[in-house]
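To start, the structure itself, in structure tokens.
In listed order, ligands and their atoms are each counted from 1. When reading the values below, keep in mind they use all heavy atoms of this one structure, side chains included, and skip hydrogens, waters and symmetry mates.
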Amino acid sequence: MEREKVDMIVSHLVERALHHSKGAPDFINIKVEKVKEDTILHLQALPVSTHTTKTPEEGRELIVEILTGQGIAHGRKIVDLIEQAFDLRGALLLNVDTMQRLDPDQQRGLRATNMDAIRQNRDSQDGITKNHYQEALVLATKVAHAPNIVGEICISDDPNYTTGYFASQATGYIRITHIKAMGSAKGGRIFLYRGNQEDVQRTINYLQKQYVLVEHIQELPRNSAVPAPLPDKWGWIETELFNLKQNHLFRKMQRLETAQRCLVHCHGQEKDILMLASNSYLGLTADERIITYTKQVMDIFGAGSGGSRMTTGNYPIHEMLESRLAEFKETEAAIVFNSGYVANLAILSSCCTKGDVIFSDELNHASIIDGCRLSGAEIIIYRHNDMRDLKEKTARYQGRRGVIVSDAVFSMDGDIVNLPELMRIADTYGFLSMIDEAHATGVIGRTGRGTVEHYGLQKNPDILMGTLSKAVGSEGGFVCGSRILVDFLRNKSRGFIFTTSLSPATMAASYKGLDIIASHPELVEKLQQNAAWFCEALRENGIGVYSETAIIPIVIGDAEKALRIAEKLFHQGYFISAIRYPTVKKGSERLRAAVMATHTKEELTRGAEVISQLLYEENVI
Ligand code: PLP
């Protein structure tokens, strides 16, 4: 912008501030800043519609209706609260569920700043003409895109302007022509917040600091009765992405250019790097024996299965794999699903329904959480691996039908469920016990048979679920259990019935992988030794870790830092993933190191040293 224009706009703004209808300012603070283009969020103006109301009462009634339509229960109380906003220079920030005020300075309220329109119409080209509608629409558009803001109510304080609005991403900008009496200088705004207390600061930061330019502001139609324009259907998605990036939660993928072995080549890297993030714990993903066998099966049965197992997609290899799994886990029967994720959805949604109850560990994997939700059952979360909490909670629900479900080895923490106690509690209160052995199969127990072997138990939990995608080195999920459980799942689970089955080649890879694990217990032993070695090496380098499994979490406690350390490690030749929210709780962001049986002790020792050096540089240790 040219220099003279800046002067002109500044003097105009001073003039406006000095003659504000809410009285003289305490101070005037004008900052002229040069802003980097890539820090500006560009937003499409909210679509505008107009409701002609005849009285202020009618206008406010309309807002109550809109709020109710948005699933907000306290509509009337919220509208009444606008009076409290009249004396504020900023807006009132209100939690619509608790009705608590969240604006930190309650004398002034919260101001949304750092926004402007990209000007298209001649009227406002100089940037100084006061245009209520345009100014309000710019502000409303910025506010509507703030994280956790579900709407805004505004009444103008200009005595000659009776039009107010309700705005949100869902409704667009709804002008309400008569929301106060002509001549009244009483106006104010409420930003409606819905979310956790700990996220409030993020919303405030966005409202106060985020630079926003609003585009495509439509001219106000002369005839207000024209139908509302279509909403901007991509706007909210762009905002979500922007917010992810701002909070270091945007996920990117590395491209691997070799098979997943302990040394891999990644796109753009000169040298191979050490894989310390893989779930292929036994290094079977690229095992020659598996590849040869898979090729043979593919030569005979082709690339795809061609249908659901129930219709045209059932092959001998599917049944062979299920028998092999049942034998390996010592159960009556087994059933294979297309992935571990699908297996959890399928089991929980077919074994539980509305009226049932599911007890779920607070750190269970997302697929269990989603399965619980899909079931419609009541979900009771118990504290992580806390059997006393579980016992207390289950006791309260005695007599109800339900399931207790837990990861066997927790996927981001690497600790092992207290299975003996979990099964005892389940039997005491008549609930089914279910464990997810995704990271236990091939990893724990002397011969890799999982949690039951680890604890030396005489019987299995009722539902023993697992994946073929980790130590087995292939893909797929499974359930091992009684014949009646498997018959039930085959007949009832939609995740089994309504999908094309895994290809014969994938089944063959799993079959051969299981065969290798069963006949080579020394592979499992090597993995366990490597994990113990790596933990010891990390501890010797000042990183306090402990794990009995192949997963070794190194907690950093900050998303940005975890990401930065992972990137530095990558450039120094180590592939370790930074795990952030929502995979782990905020504040417990971590590096998730995973050991393979095929790593050498030298590789692990050197890796521990490099990690330690970076943690030291980043003040983590
Ligand atoms: N259960 C747990 C505990 C997991 O860690 C995973 C991993 O992704 C799954 C289930 C899903 O398994 P899959 O990757 O085979 O879908």
Side-chain angles (χ1 to χ4, degrees), residues 251 253 256 260 277-282 284-285 321-322 325 329 334-349 351 358 360-375 381 384-385 403-417 419 422 433-444 450-451 454 461 463-480 489 493 495-496 499-503 506-507 509-511 513-514 547-553 577 579-580 582-585 590 592-596:
R251 284 151 203 257
M253 297 183 283
L256 295 177
Q260 186 145 156
S278 177
N279 292 330
S280 175
Y281 303 121
L282 297 173
L284 293 179
T285 35
L321 175 61
E322 289 174 343
L325 276 163
K329 295 281 189 183
I335 176 172
V336 172
F337 292 85
N338 284 11
S339 72
Y341 182 87
V342 168
N344 275 332
L345 256 59
I347 302 162
L348 289 161
S349 63
C351 290
I358 303 178
S360 176
D361 187 291
E362 64 177 325
L363 295 191
N364 274 344
H365 187 258
S367 53
I368 295 180
I369 298 171
D370 293 356
C372 291
R373 291 178 181 159
L374 187 63
S375 73
I381 307 293
H384 176 51
N385 218 357
V403 175
I404 301 174
V405 58
S406 175
D407 279 18
V409 168
F410 288 86
S411 56
M412 295 300 140
D413 292 74
D415 54 339
I416 304 174
V417 63
L419 184 61
L422 186 148
S433 52
M434 167 173 170
I435 58 162
D436 173 342
E437 296 226 279
H439 302 277
T441 302
V443 177
I444 61 169
T451 325
H454 172 82
I463 305 174
L464 205 163
M465 174 273 171
T467 57
L468 298 157
S469 55
K470 322 268 184 230
V472 183
S474 170
E475 270 173 44
F478 64 82
V479 176
C480 290
L489 291 173
S493 54
F496 178 80
T499 185
T500 299
S501 67
L502 286 174
S503 73
T506 305
M507 291 284 169
S510 300
Y511 181 82
L514 272 179
S547 177
E548 284 184 274
T549 67
I551 300 165
I552 298 155
S577 309
I579 309 290
R580 291 157 286 159
T583 313
V584 293
K585 285 184 190 159
R590 64 196 62 189
R592 176 190 183 271
V595 173
M596 297 166 84

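Using a distance-only test at 3.5 Å, with no hydrogens or angles considered, a donor-acceptor pair links the side chain of Thr549 to the main chain of Gly414.
Ser278 and Gln260 form a side-chain donor-acceptor contact under 3.5 Å, judged by distance and modelled atom types alone.
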His384 and Asp413: side chain to side chain donor-acceptor pair (under 3.5 Å), yes or no, with the steps?
CA-CA 11 Å; His384 176 51; Asp413 292 74; 5.5 Å; no
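Asn279 contributes atom CG, which lies 8.0 Å from atom OG1 of Thr467 (distance to the nearest 0.5 angstrom). Here the straight-line distance linking atom NE2 of His454 with atom CD1 of Ile416 works out to 3.5 Å at 0.5 Å rounding.
Side chains of Phe337 and Leu502 form no contact here, defined as non-hydrogen atoms less than 4.5 Å apart.
The protein residues lying under 4.0 angstrom from ligand 1, judged by non-hydrogen atoms, are Ser339, Gly340, Tyr341, Asn344, His365, Ser367, Asp407, Ser411, Asp436, Ala438, His439, Thr467, Ser469, Lys470.
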